[in-house]
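A note on names: the letters A, B, ... follow the listed sequences, proteins ahead of strands, and every chain is numbered from 1. Computed over heavy atoms, backbone and side chain alike; hydrogens, waters and symmetry mates excluded. As the structure is a computational prediction, the values presented were derived from the model and not from experiment.
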There are 2 protein chains.
Amino acid sequence: MDVKTLCLGALTMGDATGYEIRKMFEDGPFAQFFDASYGSIYPALGHLLKDELVSVTQLAQEKRPDKKVYSLTAAGLAHFKKALAVPPTKDKIRSEHVVRLFFADYMSKTDLIAVYQSYLTHFQSQADHLRSLQPENTTSGRLFARGLGLKFYDAMAAYLIENRDQLFEEPVLAAAETTNETPDLQELGND
Amino acid sequence: MDVKTLCLGALTMGDATGYEIRKMFEDGPFAQFFDASYGSIYPALGHLLKDELVSVTQLAQEKRPDKKVYSLTAAGLAHFKKALAVPPTKDKIRSEHVVRLFFADYMSKTDLIAVYQSYLTHFQSQADHLRSLQPENTTSGRLFARGLGLKFYDAMAAYLIENRDQLFEEPVLAAAETTNETPDLQELGND
DNA sequence: GGGGCCATGTAACCCGTTACATGATTGA
DNA sequence: TCAATCATGTAACGGGTTACATGGCCCC
């Protein structure tokens with residue numbers, strides 16, 4: 001499933017410009033499960049237009065590029081439904097954060113803390129953001145997907161918090177409990 | 001972070017062939033957060049060898065291609081550590097399953113059920129599989145990552161089960177509760 | 001005055017996947 | 001006998017990202 005199909009999906013929710021579709025991938029409801037940049041969205045829209053799966057209304061604007069509002073055509077909707085009927089491929093995940101957590105013993109404590117923090121913050125802010133979107137567009141599918149995303153972000157944040165100590169556990173040492181500065185950093189290997 | 005770096009990471013866990021590294025992405029501990037095919041692994045190993053980040057021992061085998069066992073060099077380990085010290089990029093997720101759940105109202109009930117089932121089965125079998133790997137290699141990082149994966153799979157499976165009805169809820173009709181066959185499929189749009 | 005938002009698009013590049021090529025062994 | 005596992009590699013192709021190109025408005 002490519003960006004073209006996702007653009008069709010975006011347009012089922014209402015007419016939109018390329019710029020607005022991009023935002024759906026960045027902030028909006030798609031951010032949870034897909035990503036796409038301008039460099040793929042604008043060409044995709046161009047192809048869809050050529051194939052008459054979308055139509056466009058050009059709004060002239062003074063002092064800005066013309067705004068091109070795209071709409072789904074009947075053929076576009078049919079095409080989208082057909083794409084959904086194809087069995088989904090395996091989900092693709094690439095998490096550089098988890099790579100770093102997995103190989104924590106090859107990292108300096110400072111770097112590891114930074115990774116942990118940015119990951120936790122990411123999940124928390126995504127969860128807050130999803131919660132903030134009031135479900136106006138409520139179809140059962142969208143509610144279901146929203147709930148799934150929320151569960152995901154909350155579960156990940158909870159795990160990170162609950163197991164923090166396990167990650168930063170020193171292999172051997174068990175003494176220095178009352179010190180207030182990070183006591184020892186050795187073998188940082190930064191050259 | 002590219003496949004080359006991940007290969008270095010794989011080799012920190014012990015010498016391995018390209019074939020074995022592939023399996024780590026498919027079955028093994030990496031499957032959780034990354035994927036890579038032969039077409040990227042073999043060339044990656046070739047480049048790493050050229051750059052002397054890995055070394056190779058060729059084992060002649062009768063009736064099979066020579067087995068090439070790769071080992072991490074000191075330079076390779078240093079390189080890997082440096083790569084880990086770079087702040088991680090945003091996690092990338094592309095889930096065709098969630099796309100379909102999100103757009104459930106554009107799917108036939110039959111197709112939707114199939115998607116739901118395959119997703120649930122996927123999470124359950126991944127969770128079972130992760131649980132089956134006894135943590136021999138136990139570093140705190142690996143345990144932490146394993147736990148995170150487990151939490152993820154379990155949370156997703158639980159959500160799917162708990163909210164099943166919400167997904168298959170008919171928009172309007174509230175009568176046919178005692179029928180035993182799926183009563184009505186309309187607007188399937190399959191041409 | 002500077003950064004962020006609105007708004008569209010192109011081109012080079014990178015990286016990875018898919019499919020192809022080869023082939024014996026083992027177990028159901 | 002047929003599928004799976006072991007075992008390595010290449011080439012074509014595809015799809016998306018990054019960076020570039022342009023430019024005014026609005027708020028701090």
For atom CD of B:Glu52, is the number of surrounding heavy atoms from other residues, nucleotides or ligands below 6.0 Å larger than 12?
-> no

Of all the choices, D:dG9, C:dT10, D:dG16, which nucleotide is nearest to the side chain of A:Tyr42 once you look at every atom?
-> C:dT10

Mapping A:Lys4 and B:Val69 onto DNA chain D by nearest heavy atom, which one lands closer to the 5' end?
-> B:Val69

When the ring planes of A:His122 and A:His97 are compared, do they come out parallel, tilted or perpendicular, using 30° and 60° as the limits?
-> parallel

Round to the nearest Å and state the distance from B:Glu96 atom CD to D:dG15 atom P.
-> 12 Å

Over how many whole Å does the gap from B:Leu49 atom CG to D:dT8 atom P extend?
-> 13 Å

What integer distance in Å separates B:Lys67:NZ from C:dA24:C1'?
-> 15 Å

Would you say a side-chain N or O of A:Ser40 is under 4.0 Å from OP1 or OP2 of D:dT17?
-> yes

Nearest-Å distance for atom pair CG/P, residues A:Asp35 and D:dT17 | 6 Å

Could you give the CD-to-C1' distance, from A:Glu26 to C:dG4, as a whole number of Å?
-> 12 Å

Nearest of C:dG16, D:dG9, D:dT8 to any side-chain atom of A:Arg94?
-> C:dG16

Closest of D:dC6, C:dC6, C:dT8 to the B:Lys23 side chain is D:dC6

Among C:dG9, C:dT18, D:dG16, the one nearest B:Ser37 by side-chain distance = C:dT18

Of the candidates C:dT8, D:dT10, D:dC6, the side chain of B:Pro43 sits closest to D:dT10

Centres of the A:Phe102 and B:Phe30 rings: under 6.0 Å?
-> yes

Roughly, in whole Å, what's the span from OH in A:Tyr38 to P in C:dA7?
-> 10 Å

Residue A:Tyr19, side-chain atoms from C-beta onward, closest of D:dC6, C:dC5, C:dG9 | C:dC5

D:dA7 phosphate, OP1 or OP2: any side-chain N/O from B:Thr17 under 4.0 angstrom?
-> no

Report yes or no: do B:Thr5 and B:Asp2 form a side-chain donor-acceptor pair below 3.5 Å?
-> yes

In terms of the nearest nucleotide of DNA chain D, which residue is placed more toward the 5' end: B:Glu20 or A:Asp2?
-> B:Glu20

Are A:Ile161 and A:Phe168 joined in one hydrophobic group, where the rule is that I, L, V, M, F, W and Y side chains link up if heavy atoms are under 4.5 Å apart?
-> yes

When rounded to whole Å, the NZ to P distance for the pair A:Lys92 and C:dG16 reads 14 Å

